[in-house]
Protein chains: 2
Amino acid sequence: MTQSLDAVFAALADPTRRAILSMLLEDDMAVTDVAAPFEMSLAAISKHLIVLTSAGLISQEKRGRVKWCKLEPDAMREASVWMQGFGLMDGVDLDAFERFLDQELDS
Amino acid sequence: MTQSLDAVFAALADPTRRAILSMLLEDDMAVTDVAAPFEMSLAAISKHLIVLTSAGLISQEKRGRVKWCKLEPDAMREASVWMQGFGLMDGVDLDAFERFLDQELDS
DNA sequence: GCAAACGTCAACCAATTGGTTGAATATCCA
DNA sequence: TGGATATTCAACCAATTGGTTGACGTTTGC
């Protein structure tokens, strides 16, 4: 469940993948539609989507012949909290912050 | 000045480099001391430090024969803000968050 | 002056990454 | 049934990454 920071940061390190995530912020999309704006092959986009999926940043569900991609932003939370540890939120106990977030997001 | 998201995320994708950043949270350190806890060569650590430096996440200053490494957490800010764009705080009761912060900063 | 400490450089290596193309699979629809 | 659409698979390629070792240049202190 808890995504590895390695996989999440590595997935976010590619501009194409970040652009895909931004597109999915609008709405769920089919693979072909995700690929449309990019000047690379569908197979290349398909690989990027596999990277995003295995990092937990998106999920894919096949309905008929179409595979829908859905953003899973929760996978970013661990990474985001890790970064907050570097003075972006001075003086705050990070573990407590994480517990707070968990509690808030469950409610 | 503004660090590329590519470089920052890629730098953060390696556990050794993240560990180095955490160590530098305590204090500035010499390259040799940074390398000490790791089971890899000094040259390998030196390369990791170059990656961190070119991402802007640390700075290095040579005094005498010792090169000091200093954390530059501001380089994470752009990446952190980018991630916040994905609704990580959605569903969080902002008043509760403020109370949490007050409580944290008092303790 | 010289040996030891600090750190980088250069060459090398295996594994991974990001892309390609062409064939394969699965589904839909006329 | 068969053709078009949606997506992945497999093989390949060049470039990058993360590590090694050994030689090298500086600085320090006896």
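Note that these values count all heavy atoms, side chains included, but never hydrogens, waters or copies made by symmetry. In what follows, chains are A, B, ... by sequence order, proteins preceding strands, each numbered from 1.
- In this structure, A/Ser46 reaches the D/dT8 phosphate: one of its side-chain N or O atoms is under 4.0 Å from OP1 or OP2.
- A/Ser80 places no side-chain N or O within donor-acceptor distance of the main-chain N or O of A/Met76, the cut-off being under 3.5 Å.
- Between the NZ atom of A/Lys67 and the CD atom of A/Gln60 there is a distance of 4.5 Å, given to the nearest 0.5 Å.
- For B/Asp33 and C/dA5, the CG to P distance is 14 Å, given to the nearest whole Å.
- Using a 4.0 Å cut-off, no side-chain N or O of A/Ser41 falls inside it from OP1 or OP2 of C/dG19.
- Looking at heavy-atom distances under 4.0 Å, A/Ala43 makes contact with a base.
- Ranking D/dA6, D/dG19, C/dG7 by closeness to the B/Met40 side chain, first place goes to D/dG19.
- Nucleotide C/dG7 holds its P atom 16 Å from the NE2 atom of B/His48, rounded to whole Å.
- D/dG18 atom P lies 18 Å from atom CD of B/Glu39, rounded to whole Å.
- Distance, A/Lys62 NZ to C/dC28 P: 9 Å, rounded to whole Å.
- The listed nucleotides are D/dC9, C/dC9, D/dT7; the one nearest the side chain of B/Ile50 is C/dC9.
- Taking the nucleotide of DNA chain C with the nearest heavy atom to each of A/Gly64 and A/Ala44, the more 5' of the two is matched to A/Ala44.
- Atoms CG and OG1, on B/Leu49 and B/Thr53 in that order, are 6.0 Å from each other to the nearest 0.5 Å.
- Separating the CG atom in A/Asp33 from the CG atom in A/Leu24 is a distance of 10.5 Å, to the nearest 0.5 Å.
- Between A/Lys47 and A/Lys67, the residue anchored nearer the 5' end of DNA chain D, judged by the nucleotide with its closest heavy atom, is A/Lys67.
- The side chain of B/Arg65 contributes no N or O atom lying less than 4.0 Å from OP1 or OP2 of D/dG25.
- D/dC9 atom C1' lies 12 Å from atom CG of A/Leu42, rounded to whole Å.
- One interatomic measurement links the two molecules: CG of A/Leu49 to P of D/dC9, which rounds to 12 Å at whole-angstrom precision.
- Residue B/Ile20 contributes atom CD1, which lies 14 Å from atom C1' of C/dG7 at whole-angstrom precision.
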Full working for side chain to side chain contact (heavy atoms under 4.5 Å, CB included) between B/Thr16 and B/Ile45: CA-CA 9 Å; B/Thr16 300; B/Ile45 295 294; 4.2 Å; yes
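- In this structure, B/Asp14 atom CG and D/dT16 atom P are separated by 18 Å, rounded to whole Å.
- Between A/Ala13 and A/Arg63, it is A/Ala13 whose nearest contact on DNA chain C lies nearer the 5' terminus.
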